[in-house]
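Naming convention: chains lettered A, B, ... in sequence-line order (proteins, then strands); numbering from 1 in each chain. The structure presented is a predicted model; accordingly, all values stated were derived computationally and were not measured. Because only heavy atoms are used, hydrogens play no part in the values below, and waters and symmetry mates are left out as well, while side chains stay in.
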Protein chains: 2
Amino acid sequence: MAGLAEKLSDRQRDILNFIIEFVTEEKYPPTIREIGKQVQISSTSVVNYNLKRLEEEELITRRKEKSRGLALNWGKLLTEGLIDESQLPGVAIRIPVLGAIAAGEPIQVIPSEANNADDYLEVTEAMLGDARNTDKLYALRVQGDSMIDASVMDGDVVILRHQERAENGEMVAAWLEENEETTLKYWYADGKRIRLQPANPNYNPILCDPATVHVQGKVVGVYRSI
Amino acid sequence: MAGLAEKLSDRQRDILNFIIEFVTEEKYPPTIREIGKQVQISSTSVVNYNLKRLEEEELITRRKEKSRGLALNWGKLLTEGLIDESQLPGVAIRIPVLGAIAAGEPIQVIPSEANNADDYLEVTEAMLGDARNTDKLYALRVQGDSMIDASVMDGDVVILRHQERAENGEMVAAWLEENEETTLKYWYADGKRIRLQPANPNYNPILCDPATVHVQGKVVGVYRSI
DNA sequence: TCCAAAAACGAACAAACGTGCTTTTGGGGG
DNA sequence: CCCCCAAAAGCACGTTTGTTCGTTTTTGGA
């Protein structure tokens, strides 16, 4: 394999980049003339000529006599190193909204039984710093203002990754037996006690017995739709 | 609200379904004649007529005199129950992150010059209840804890739709001349004064002269990545 | 330097495509 | 019954857009 990137002329690379940009921006492919205008080619036939080359390299697909009848071959563009992952059209991840999270109630749902949820939150991979283990992700709608200390409001949706243990510094959703409430706090194991630190520094941390704190999951993100 | 689904004629529903199917399949929108052929409409003007209706309902967007210049408003299709989540394309929309929003500084960037942003926030159309005017969307990173009264923290990303006037009850990002700061508040025009109401009821509203308040945009969403 | 292939060019053509105009159809209300 | 009007239909016009062709320029190797 001769490295396709070097085989392309500057113009062909320009054309390719413009098509990529145009498609991600406008949601449909450009016309020959729109390409020509951007890449400083006065003649439509020259654009057509280079598109034919790109088609021979199977970087694009064309449909005869159809306006805007061209499509990018994202897979090959990626394997040939002509684009990187960040340029790929973002893929949506569907996170099941398993229920609500309220002050006075534990989270009752079991994430592993997340099959027949009727409510989903669609996010993108880019929104999750770490796109692994997406099958362990679930979301909960916040009810009430009891988590205002974490700047989480009534109606917010919290995205969680299911796990039962937490590392120091992770933000977790935890059920506190003593207070009989679910809370969102930063987790610190200070010696024999667990320190739960609110995100808002104006509030005081809670110290409690590890046996009475039940981690429901790690908080990955919070979304508020206005 | 009269339930938009009933307001549509059978033909309009057919057209809509075909566009959805076509876009999902071909990755670009159909032409008027391609629609007509499928929906058994001999006249292009009838298709055009119904497309105009669909545009009035803000279910689609059209670009004048551009071939295949139509786009679906997935967000509204979803909220109106015309499609379900499974039909949503796994495609993300990219919102340019134009800069930061901090207490002591006005927002300096002009959304219309949002071309060469190097930072993007990828979201899904489902996250925006109303996916119109996606080109007017932009995002800002929050610096500092000055907006804690709106439960917006340092590091949060605020998604905005550019507009210079606000309706009562809308949450806006506004520059206050008197205080020399940008703030996120609910907008109420009470007589001759503007009342800016914090989202957190524990804080007090601000009353100010309309001439000294500059709306930067309507807040559409807030995302916090942990 | 010369030559042939590749690339670029300009113009013209034809198909595709959006738009506007006029006419017809089909109820619903006065 | 007539009138009104949304909806549909057919058609034609002008623009957009893809294609083709003859020619010129550039490129690279003999």
Practice task
Answer yes or no: is there an ion pair linking A/Glu26 with B/Arg63, defined by an N-O contact shorter than 4.0 Å?
Solution key: yes

Problem - For atom CZ of A/Arg11 and atom C1' of C/dA6, their distance in whole Å - result: 13 Å

Handout entry: Distance-only donor-acceptor test, A/Ser43 side-chain atoms vs C/dG10 base atoms, 3.5 Å
Key = yes

Exercise for the section: Salt-bridge test for A/Arg141 and A/Asp156: reply yes if a basic N is under 4.0 Å from a carboxylate O, no otherwise. Expected result: no

Handout entry: side-chain N/O B/Asn48 vs C/dG18 OP1/OP2, d < 4.0 Å
Key = no

Problem - Shortest side-chain distance from A/Thr31, nucleotide among D/dG18, C/dG10, C/dC9 - result: D/dG18

Practice task
Round to the nearest Å and state the distance from A/Lys66 atom NZ to C/dA14 atom C1'.
Solution key: 16 Å

Exercise for the section: Assign each of A/Ser45 and A/Arg53 to its nearest nucleotide of DNA chain C by heavy atoms, then name whichever residue's nucleotide is nearer the 5' end. Expected result: A/Arg53

Exercise for the section: Hey, which sits more toward the 5' end of DNA chain D by its nearest nucleotide, B/Ser42 or B/Gln12? Expected result: B/Gln12

Problem - d(CG, B/Asn50; C1', C/dT19) in whole Å - result: 15 Å

Handout entry: Whole-Å gap separating C1' (C/dA6) and NZ (A/Lys7)
Key = 14 Å

Handout entry: Any side-chain donor near an acceptor of the partner, B/Glu57 and B/Gln12, under 3.5 Å
Key = no

Practice task
Measure from the side chain of B/Arg62, starting at C-beta and using heavy atoms only, and say which of D/dT19, C/dT19, C/dA8 lies closest.
Solution key: C/dT19

Practice task
Among the candidates C/dC9, C/dA15, C/dC17, find the nucleotide nearest to the side-chain atoms of B/Ser67.
Solution key: C/dC17

Problem - Electrostatic pair A/Glu34:B/Lys66 at N-O distance under 4.0 angstrom - result: yes

Exercise for the section: Nearest whole angstrom, please: distance from the C1' of C/dA7 to the CG of A/Asp10. Expected result: 13 Å

Problem - Rounded interatomic separation in angstrom, taking CD1 from B/Ile32 and P from D/dC11 - result: 18 Å

Practice task
May I ask you to say what A/Thr44 touches in the nucleic acid, namely base, sugar-phosphate or nothing, with a heavy-atom cut-off under 4.0 Å?
Solution key: base

Problem - Test side-chain contact (heavy atoms from CB on, under 4.5 Å) applied to A/Val220 and A/Leu137, step by step - result: CA-CA 9 Å; A/Val220 174; A/Leu137 291 175; 4.1 Å; yes

Fill in the blank from the handout: Checking D/dT19, D/dT15, D/dT17 against the side chain of A/Arg68 (C-beta onward), the nearest is D/dT17

Exercise for the section: Assign each of A/Arg33 and A/Gln40 to its nearest nucleotide of DNA chain C by heavy atoms, then name whichever residue's nucleotide is nearer the 5' end. Expected result: A/Gln40

Exercise for the section: Measure from NZ on A/Lys64 to P on C/dA15 and round the result to the nearest Å. Expected result: 14 Å

Practice task
Please state how far atom OH in B/Tyr49 lies from atom P in C/dT24, giving the value in whole angstrom units.
Solution key: 18 Å

